[in-house]
Amino acid sequence: MSRDSKLSRRELVLRLSSTALAGAAVGGGACFFYDRRARAATVRPVPDWRVHGLSGLPPAVAARGADPAANVRRAVDALGGMGLFVKAGEVVVIKPNVGWDRLPEQAANTDPQVVAELVRLCRKVGARRVIVTDNSCNDPRRCFARSGIAAAAQGAGAEVIDASSAVWVPAALAGDATGLEVMEHVLAADRVINVPVVKHHSLSRVTIGLKNWMGVLGQGRNRLHQSIHRAVAELGAMFRPTLTVVDATRVLMANGPTGGSLGDVRSIGAVAVGTNPVACDAWGAAQMGLDPAALPFVAEAEQRGLGRSDVAAVKELG
Amino acid sequence: MTWFQRVRVVYQGFFLLLFLWLLARLAAGDLRDLPFAVFHHADPLSAVGLILAAGTIPGALVWATVLIGVTLVFGRVFCGWICPLGTLQHLASWLLAGRSWRESLQVNRYRRWYALKSYILVALLVGALVGTLQSGWLDPLSLAVRGLAAGLWPALPSGKPVPGGWLAAGLLLAILIASRHIPRLFCRALCPLGALLGGFARFAVFRIHRRAEGCNDCTACRFACQGADEPLGAHRVHECHVCLNCLPACPSQALRYAPVPPLPSPPARPDLSRRAAIGTAVTTLAVAPLLRAAGGGRNVARPELIRPPGALPENEFLKQCVKCSLCQQACPTGALQPAIGQAGVEGFWSPVLVPRRGWCEYACTRCGEVCPTGAIERLTAARKTGYDGGEPVRIGTAFVDRGRCLPWAMGTPCIVCEEMCPTDPKAIWFEEVEQTGRDGRIVRLQRPVVDPQRCVGCGICENRCPVGERAAIYVTSVGESRDPLNRMVLAPPTR
């Protein structure tokens with residue numbers, strides 16, 4: 001470079017550093033964005049929400065009486081109290097069946113008093129957040145409002161997240177549910193309590209706890225009905241709740257799972273709480289007068305080692 | 001800015017925010033009985049249109065008389081102080097265009113073709129008189145809701161797509177962009193509601209009044225004039241939006257907004273030639289029946305024309321629907337969509353239920369509650385579902401496509417349509433069969449069959465059918481309660 005080209009040192013440093021900066025920006029950008037979508041699409045695992053190391057508990061405890069909240073309280077206490085399952089500071093998701101735009105009397109959704117009592121019990125033992133959630137079949141806002149569950153849950157100190165405000169993420173699901181999305185807040189929870197209602201269903205004959213997991217799945221879940229028994233057992237193997245609370249306060253005996261007529265609703269006034277989802281479903285089926293042994297999804301769940309379907313082992317408090 | 005201009009801006013902001021807030025609450029499925037249609041109830045264009053087309057002012061639309069009363073006292077304050085579309089254009093012209101003093105004087109001049117809106121009004125009213133209500137096409141309130149409901153809300157998170165929505169959104173956008181070049185071009189040249197209110201404003205008690213002896217013809221009053229009504233000289237009171245920008249602009253304080261001016265201020269007549277007005281009316285008389293026939297007529301029921309529950313019979317419906325899109329905004333499932341081709345030319349943008357987009361929620365009566373003109377009747381949940389003991393309101397009937405249905409055609413169990421069916425007892429029942437498959441295995445199948453006596457046509461079966469893009473069960477309009485001729489089966493014989 002000749003002397004009279006007048007490139008000062010200052011100018012040289014400036015020019016070279018700006019070139020370096022531009023190069024760094026291009027390189028850094030390329031590194032940052034390279035294959036980014038492939039990395040972002042990682043699937044979330046479904047955690048195991050069970051409490052391990054408990055022994056000597058009955059698989060489930062059932063309580064009967066006119067007050068659904070008292071039934072929940074008595075059954076949970078007989079199982080050792082909520083403190084055994086939920087620790088202070090934990091985030092608890094309560095997953096009732098809020099599938100339909102129906103009133104509580106029509107028994108198409110879980111009884112709001114059962115949900116509210118569970119929220120209160122979780123809050124009492126110090127749960128940081130209690131979230132009540134479901135992916136409804138009808139318009140979610142109407143389902144949560146008319147089922148009475150939004151008001152009851154919020155009144156007891158829970159948040160309500162319905163499908164219109166939920167975030168959906170790909171989850172590590174196997175079998176027929178492969179590729180479906182799951183509500184993000186369910187996967188992020190420390191504890192999950194499954195709160196199905198017992199009712200008639202034309203395909204599986206009865207829908208209780210194992211089938212209730214349909215309600216955390218997103219678009220495309222309809223296809224699971226092609227092999228409902230296998231799909232329901234698979235869901236039970238992937239989603240392992242802390243507790244299953246079976247609501248048989250009112251049982252829809254026909255025209256399920258939507259119902260409508262009060263003539264199809266039978267008042268049973270019972271609630272069962274258990275750690276064994278298969279025993280819970282067997283107990284629920286028995287409340288409808290069905291023989292659990294004759295239900296293929298119960299048998300299939302049993303074969304997968306999800307629990308025993310022994311109704312006699314369920315402790316009845318009366 | 002003087003104190004009365006500030007008050008006007010506060011009014012404009014309040015009404016625009018109220019309008020947007022109500023639309024937002026509607027889209028959010030707010031279950032309260034908020035006055036969602038309050039703007040539309042005060043719309044004299046809809047009221048006059050309905051009187052001419054259907055011979056009735058249904059329910060709360062009678063509030064339109066209040067707006068006419070206000071116009072008779074204060075002039076077109078609706079345009080300058082209340083109309084959300086006017087305010088949006090006002091805002092757009094202020095944001096998009098920086099004009100010099102000279103340009104402002106130029107763009108706010110009156111132009112003869114601003115009289116176009118009066119001819120549009122004549123055409124719409126004559127059309128209404130012969131039974132086709134098209135005022136909603138250019139009604140500023142309908143136009144604003146349409147553009148926002150089809151063009152803005154679908155783009156928001158949790159918004160539902162509206163096929164064809166770009167047509168309405170594009171028109172709204174074009175109106176806003178046009179006001180960059182000529183402020184409030186739509187108000188000045190096209191708005192039929194403005195033309196109608198202008199007719200009443202000619203009798204207004206309060207008006208802009210010019211003291212001729214104070215005026216030095218400087219034309220400064222034209223500087224920020226919204227209506228291009230030129231207070232200078234013969235003030236066009238029917239064009240004036242009462243924005244009051246001219247008062248502080250006058251350097252010699254020769255202008256006043258006052259009741260019953262002491263001096264005769266000649267109210268100029270709308271720039272409307274009698275010959276052209278009669279020509280417009282005659283043309284409309286000829287074109288309206290042509291459009292109806294060319295669009296397919298009203299007497300043949302169309303399979304895809306599934307109207308909302310409580311919709312009047314098609315002939316009456318088209319005399320009352322102002323295409324305001326409120327029902328589409330209110331529908332919780334996104335089932336109600338604008339008709340693009342399903343309802344002929346005159347039914348363009350009227351609501352039609354598209355089951356693959358959403359279903360009619362069994363106990364929901366939202367669309368009828370927000371309909372400002374009674375084109376969709378107000379139902380109760382008990383009336384709609386038939387829980388009051390009467391016949392349920394039906395909007396169509398479901399049919400199983402046995403060539404696509406999994407249990408019928410694929411030997412595969414599926415019951416989703418039956419599971420979703422909301423009626424009691426369910427309108428879908430099963431024919432149970434055992435079928436031997438190709439591999440010799442026996443499959444027990446429940447094949448769905450629709451009971452037309454029970455089906456209300458809500459479409460949740462079609463919406464939730466797991467068979468991909470085209471469902472294996474679909475709803476058509478046959479059996480709809482509103483049309484006794486669009487029927488399929490009679491009641492079963494009494495045993």
**Asked** Looking only at heavy atoms, what is the nearest atom pair of A:R146 and B:A363, with distance?
**Response** NH2-CB, 3.4 Å
Flag if over 12 foreign heavy atoms under 6.0 Å of [atom1], [X]:
| X | atom1 | value |
| --- | --- | --- |
| A:R205 | CZ | no |
| B:E432 | CD | yes |
| B:R470 | CZ | no |
| B:E304 | CD | no |
| A:R266 | CZ | no |

Roughly how far apart are [X] [atom1] and [Y] [atom2], rounded to 0.5 Å?
| X | Y | atom1 | atom2 | result |
| --- | --- | --- | --- | --- |
| B:I415 | A:S204 | CD1 | OG | 7.5 Å |
| A:N255 | B:C421 | CG | SG | 7.5 Å |
| B:D424 | A:T258 | CG | OG1 | 7.5 Å |
| B:T412 | A:R223 | OG1 | CZ | 14.0 Å |
| B:L31 | A:R142 | CG | CZ | 6.5 Å |
| B:E361 | A:W100 | CD | CH2 | 9.5 Å |

**Asked** How about B:K426 and A:S202: do any of their side-chain heavy atoms sit closer than 4.5 Å?
**Response**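 No, their side chains stay 4.5 Å or more apart.
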**Prompt:** Quick one: does A:H225's side chain get under 4.5 Å of B:P466's, heavy atoms only?
**Reply:**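 No, their side chains stay 4.5 Å or more apart.
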**Per-residue contact mode, A:Q106 against chain B (heavy atom under 4.5 angstrom)** = side chain
**Asked** By a 4.5 Å heavy-atom criterion (distance strictly below it), what part of A:D101 contacts chain B: side chain, backbone, both, or neither?
**Response**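 Contact with chain B involves the side chain of A:D101 alone.
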**Request:** Evaluate the salt bridge (charged side-chain N to carboxylate O under 4.0 Å, His left out) criterion for residues B:E419 and A:K211: first the C-alpha distance (whole Å), next the side-chain angles of each, then the deciding distance (0.1 Å), finally the verdict.
**Result:** CA-CA 13 Å; B:E419 178 184 35; A:K211 189 173 177 300; 3.3 Å; yes
**Request:** Between chain B and each of A:G99, A:G256, A:S227, A:A145, count heavy-atom pairs under 4.5 Å; write down the option with the most.
**Result:** A:G256
**Prompt:** By a 4.5 Å heavy-atom criterion (distance strictly below it), what part of B:T423 contacts chain A: side chain, backbone, both, or neither?
**Reply:**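 Just its backbone gets close to chain A.
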**Prompt:** Side chain of A:R141, backbone of B:A28: donor and acceptor closer than 3.5 Å?
**Reply:**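 Yes, A:R141 side chain to B:A28 backbone: donor-acceptor pair under 3.5 Å.
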**Request:** Let me see the working for A:L203 and B:Q446 under side-chain contact (heavy atoms from CB on, under 4.5 Å), right down to the final yes or no.
**Result:** CA-CA 8 Å; A:L203 187 62; B:Q446 296 162 296; 3.0 Å; yes
**Asked** When heavy-atom pairs shorter than 4.5 Å are enumerated against chain A, which of B:P332, B:P422, B:C414, B:C465 gives the highest number?
**Response**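 When all of B:P332, B:P422, B:C414, B:C465 are compared, B:P332 has the most.
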